[in-house]
Structure formats: structure tokens, C-alpha cells
Amino acid sequence: MTSEAGPMGPMGSDILHVDMDAFFAAVTLLGRPELRGQPVIIGGGPRGVVLSATYEARAYGVHSAMPLARARRLCPSALVLPPERDRYQEVSRRVMAVLRDVTPLVAPLSVDEAFLDVSGARRLFGTPVEIARMIRARVLADEGLTCSVGVAPTMFVAKIASTRCKPDGLLVVPPGDVLAFLHPLPTSALWGVGRATEAALDRLGLRTIGDIADCPLLTLRHALGDAAAQHLHALAHGRDERAVDPDTTEVSVSAEHTLSVDVAEADQLARELLRLSGQVARRLRARGRATRTVGIKIRFADFTTVTRARTLREPTDVSQEIYRTALALFREAGIAGRAVRLVGVRAANLTEAGATGHQLAIDERPAAWSQLDRATDAAGHRFGAGAVAPASLLPRQPPPPRAPKPHNP
DNA sequence: TCTGGGGTCCTAGGACCC
DNA sequence: TCTGGGGTCCTAGGACCC
């Protein structure tokens with residue numbers, strides 16, 4: 001709980017939301033300056049979606065999460081480039097470091113967004129607005145990238161503010177202006193209102209945030225359930241008790257993959273589960289964590305999705321154990337023969353690795369599997385991820401030429 | 001339009017315990 | 001024998017976010 005007030009008191013606009021503009025596209029364009037000013041879309045794959053698009057492409061109606069096929073139709077002149085995730089991560093780390101130079105109270109929301117509580121930084125760096133200007137200038141000078149910053153008394157108002165001043169903007173919402181700022185906005189501007197909730201609100205005749213504020217809580221509760229109703233009602237009145245929390249400990253780790261064509265063959269799906277289990281386990285080990293609940297996700301050709309999960313007696317970070325559980329879940333799910341478009345593996349219920357004494361079955365020699373993982377991780381560090389893989393994941397060799405049958409006269 | 005991959009949080013129902 | 005109520009843990013599904 002960081003409720004300490006800055007020199008302006010607890011009611012100042014001390015929360016910043018920093019949001020990079022068209023982040024993936026902007027970073028990619030740093031390496032391709034000749035493309036500046038043109039419609040560029042980041043995305044790829046036979047069944048891909050738009051991950052990011054320049055504002056020139058957005059002018060044609062292209063936006064994030066849109067199927068690439070549709071984006072291409074809307075904007076045939078756009079250049080579609082593959083994502084460069086490592087570069088995005090790298091730039092993200094440096095931008096977050098700029099923010100942490102201002103205050104340790106930085107809560108990253110994703111690679112390209114973060115909240116800051118600057119109430120303790122006034123003495124060093126000035127008012128929140130001055131800090132926002134400084135951050136924008138430094139990110140531009142250091143990285144050649146623009147960002148938009150919302151400044152407000154609460155996290156969610158700061159977030160809406162940054163969204164409404166994009167791109168390359170700065171918007172301050174003083175405490176006294178919060179309700180006048182919020183109430184005319186459509187319900188969908190609220191954090192937590194997506195398609196389904198917007199439709200439910202619409203059925204109640206609620207179109208703006210002001211409408212929600214005026215609606216009795218009980219009515220909202222019937223339509224949305226307890227938690228969502230409370231949440232939205234509070235937000236609509238400008239109330240948001242959350243503090244900027246720099247703790248970023250994950251609750252789960254997952255890996256999933258959409259196959260380039262639908263697959264019904266069990267062996268091929270099992271190989272995919274093996275690969276994804278390895279990815280999940282490797283990430284767990286890299287973070288020093290272990291999982292007690294292993295889950296799988298299967299999406300069929302018709303887009304219906306099932307999940308299955310199993311909680312283990314002891315946490316594990318061993319690739320083979322995660323795979324064995326995932327495979328058992330897959331076999332027990334009774335979906336043999338159906339055409340699958342996506343498979344996923346998830347680890348939840350995370351603990352610190354080694355926090356509990358390993359109590360292991362004697363017959364399965366997990367110590368040996370664990371050693372294999374460590375060796376694989378080390379090789380991955382030296383030779384790049386994927387340098388060492390289970391034999392069943394290696395590209396399949398053509399069958400060896402058949403030896404001529406010995407003549408046995 | 002034909003829908004990625006990484007996450008978080010909530011709900012509802014069942015098992016189990018007291 | 002018909003029958004409470006609360007708490008915790010687990011699973012499946014879904015909404016939502018970037």
C-alpha cells in the first residue's frame with residue numbers, strides 16, 4: 001500500500017500512464033527509415049493478425065488484432081513485415097529504465113505501456129506534467145520513438161487520457177475535471193468493457209460512462225455479475241483505489257501455437273505438445289519458478305475451444321513431467337480425430353522453484369530428467385535456443401536407402 | 001473479416017471438510 | 001434419516017487486455 005501523499009496532497013494528479021505509439025511498427029521503422037510515412041503493418045503467418053500498424057495504415061481502417069487477410073484487402077498498398085520480438089524487448093527494457101530513473105514505482109502493463117506514481121518524485125523532477133514532458137523528450141532523444149502520456153489522479157483515468165491524446169500527445173486530467181472528462185465518453189472507453197459487456201450495457205440503454213454512473217448498482221449487478229458491476233460503477237464515479245504496484249510476479253506461464261493447417265493426427269499434435277511443454281518449462285526455469293497446475297488448450301477448426309487442467313502433488317519445472325501431464329490430459333479429453341487448429345500448454349499455480357522439498361516417485365528418475373533440462377538450458381545459452389531438442393522434434397530424415405537384399409542362393 | 005500469442009481476472013459448480 | 005451452512009480447493013469456460 002503506497003498511499004503516501006506528495007507535496008500536493010493525496011488528491012493531486014500524480015499517476016502517469018506512458019504508452020508507446022504504434023510500438024512494433026515504430027521500432028521496425030527505425031531500421032527501415034525509407035519506409036517512414038508509408039502504411040506498414042507488422043504481422044505474419046498464414047493465419048496471422050495485425051500486431052501493429054503505422055498511422056498511415058490505420059487511416060484505411062486497419063487496427064491491431066484484425067486478421068491480416070482483411071487488413072490487406074482494406075489497405076492493399078501496405079507493406080506487411082514480420083515482427084522482430086527480440087528488438088521490441090530490448091527497446092522496451094531501455095524505455096522502462098528511463099521510467100525507473102524517475103521513480104521505482106513503475107508498473108509495466110506490457111512491453112509498450114507502464115504506469116508511474118510520481119508523487120514521490122516532485123522534489124527531484126518537478127510537477128507530474130513536467131515529468132511527463134521530460135519522459136517524452138528522453139524517449140524521443142534516446143530511442144527516436146514517440147509515446148503518449150496521460151496524467152491523472154488515478155490509474156484508469158490516466159490510461160484513458162493517454163489513449164485519447166494518441167499519437168505523440170500529452171493529456172492532463174486534474175482531479176476536479178475527472179467526472180466532466182469521463183461522463184461523455186462511450187462505455188467502451190472504460191477499461192474492462194469489451195464487446196460482450198458493451199452489448200450488455202447497451203441492452204440496459206447505457207451508452208456513456210455518465211449513463212453507468214447514473215444507473216443503480218443493483219441493475220448493473222443483474223446484468224454483469226457482482227465484481228464487474230462494482231468495478232464499473234466505481235470507475236464511472238471516478239473512484240479507483242488501486243495503487244501502482246511494481247511487483248510483476250507472474251501468475252501463469254503459457255505457450256500456444258496456431259498450426260498452419262488444421263491437424264487431426266494424434267502423433268503430430270503430441271509432438272506439438274512436447275515442443276510447447278519444453279518452452280513452458282524452459283521459461284519457468286529461467287524465472288526460477290515451478291508449476292503445480294499443468295493445463296492444455298485445444299482449439300478446433302470451428303474455433304470452439306476446450307481447456308483441461310490437472311494439479312500435481314508437487315510443483316515441477318521439469319520439461320518431461322509437464323509434457324507427460326499435458327499428453328495425459330490430451331488423451332483423456334476424448335477429442336481423437338477432430339481437426340485441431342491450435343494447441344497450447346499452460347503452467348499455473350506457480351511457486352518458487354525449490355521452495356518445497358521435492359518428493360519424487362522412485363521409479364521415474366526425474367532427477368535424470370532435471371539434469372537433462374539443465375544441460376539443455378546451458379546448451380541453449382551457448383548455441384541459441386533450440387540448439388538441443390528432443391529427437392522427435394528434429395526434422396524428419398528421409399528414410400535410409402534400403403540395403404539390397406542379400407542373395408542367399 | 002475469418003480470427004496470434006502472451007497474459008489477468010471472474011464465475012459457477014462440485015468435492016471435501018468442519 | 002432428512003438436512004444446514006461456511007470455507008477452501010479445484011476445474012472449465014469466458015471476458016478482457018495489449
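Just so it is clear: chains get the letters A, B, ... in the order the sequence lines come, proteins before strands, and each one is counted from 1.
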**Prompt:** Hey, where on DNA chain C does chain A first and last touch, going 5' to 3'? Cut-off is any atom under 4.0 Å from a heavy atom.
**Reply:** C/dC10 to C/dC18
Side chains of [X] and [Y]: do they bring a donor and an acceptor to under 3.5 Å?
| X | Y | value |
| --- | --- | --- |
| A/Gln320 | A/Arg324 | no |
| A/Arg299 | A/Thr305 | yes |
| A/Thr311 | A/Thr293 | yes |
| A/Thr146 | A/Asp21 | yes |

**Message:** Can you tell whether the side chains of A/Arg282 and A/Asp317 come within less than 4.0 Å, N to carboxylate O?
**Reply:** no
**Asked** Is A/Asp211 paired with A/Arg207 through a side-chain N to carboxylate O contact shorter than 4.0 Å?
**Response** no
**Complete:** Judged by nearest nucleotide, the residue sitting upstream toward the 5' end of DNA chain B, A/Thr249 or A/Phe303, is A/Phe303
**Message:** Can you list, in residue-number order, the parts of residues 52-77 of chain A that come under 4.0 Å of DNA chain B, counting heavy atoms only?
**Reply:**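 Heavy-atom contacts with DNA chain B come from A/Ala65, A/Pro67, A/Ala69, A/Arg70, A/Arg73.
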**Proximity to DNA chain B (any heavy atom under 4.0 Å), residues of residues 190-229 of chain A only** = A/Asp226, A/Ala227
**Item:** Sequence neighbours excluded - ring-ring contact (aromatic ring centres under 6.0 Å, His included) pairs with any residue from residues 86-112 of chain A
**Value:** A/Phe24-A/Tyr88
**Prompt:** If you pin A/Arg292 and A/Thr307 to their nearest nucleotides in DNA chain C, which one's is more 5'?
**Reply:**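 Residue closer to the 5' terminus by nearest nucleotide: A/Arg292.
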Got a sec, which residues hit side-chain contact (heavy atoms from CB on, under 4.5 Å) with [X], two or more places apart in sequence or on another chain?
| X | value |
| --- | --- |
| A/Arg94 | A/Glu90, A/Val91, A/Glu143 |
| A/Arg331 | A/Leu327 |
| A/Thr248 | A/Pro108 |

**Item:** Contact list for DNA chain C against residues 109-116 of chain A - heavy-atom distance below 4.0 Å
**Value:**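 A/Ser110, A/Asp112, A/Glu113, in order of number.
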**Prompt:** Which residues within residues 95-104 of chain A lie with some heavy atom under 4.0 Å of an atom in DNA chain C?
**Reply:** none
**Audit row: A/Thr127, A/Ile131, side-chain contact (heavy atoms from CB on, under 4.5 Å) steps and yes/no** = CA-CA 6 Å; A/Thr127 65; A/Ile131 293 173; over 6 Å; no
**Request:** Check side-chain hydrogen bond (donor to acceptor under 3.5 Å, both in side chains) between A/Arg239 and all other residues, then give those that pass, not counting sequence neighbours.
**Result:**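 Counting only residues at least two positions away or on another chain, A/Arg239 forms no side-chain hydrogen bond (donor to acceptor under 3.5 Å, both in side chains).
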**Asked** Is there a side-chain contact (heavy atoms from CB on, under 4.5 Å) between A/Arg122 and A/Asp14 once you walk through the steps?
**Response** CA-CA 9 Å; A/Arg122 289 170 176 268; A/Asp14 287 331; 2.6 Å; yes
**Prompt:** How would you list all residue pairs meeting side chain to side chain donor-acceptor pair (under 3.5 Å) that involve residues 36-47 of chain A, not counting sequence neighbours?
**Reply:** A/Arg47-A/Asp262
Mind checking [X] for me? I need base, sugar-phosphate or nothing, with any heavy atom below 4.0 Å counting as a touch.
| X | result |
| --- | --- |
| A/Val251 | sugar-phosphate |
| A/Val306 | sugar-phosphate |
| A/Lys297 | nothing |

**Asked** Roughly how far, to the nearest 0.5 Å, is the CG atom of A/Asp214 from the CD1 atom of A/Ile209?
**Response** 12.5 Å
**Prompt:** Roughly how far, to the nearest 0.5 Å, is CD of A/Gln279 from NE2 of A/His257?
**Reply:**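 Reported value, rounded in 0.5 Å steps: 9.5 Å.
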**Prompt:** If we take the P atom in both B/dT3 and C/dC17, what is their distance in whole Å?
**Reply:**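 Taking atom P in both B/dT3 and C/dC17, they lie 22 Å apart.
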**Request:** Verify side-chain hydrogen bond (donor to acceptor under 3.5 Å, both in side chains) between A/Arg285 and A/Ser319, making sure each step is shown before the conclusion.
**Result:** CA-CA 10 Å; A/Arg285 295 193 296 270; A/Ser319 303; 3.1 Å; yes
**Asked** Reading DNA chain C 5' to 3', how would its secondary structure be written in dot-bracket notation, given Watson-Crick and G-U pairs with both distances under 3.5 Å, brackets [ ] for crossing pairs and | for partners on other strands?
**Response** ....||||||||||||||
**Message:** Is there a side-chain contact (heavy atoms from CB on, under 4.5 Å) between A/Asp112 and A/Asp19? Walk through the geometry before answering.
**Reply:** CA-CA 6 Å; A/Asp112 66 338; A/Asp19 195 349; 4.1 Å; yes
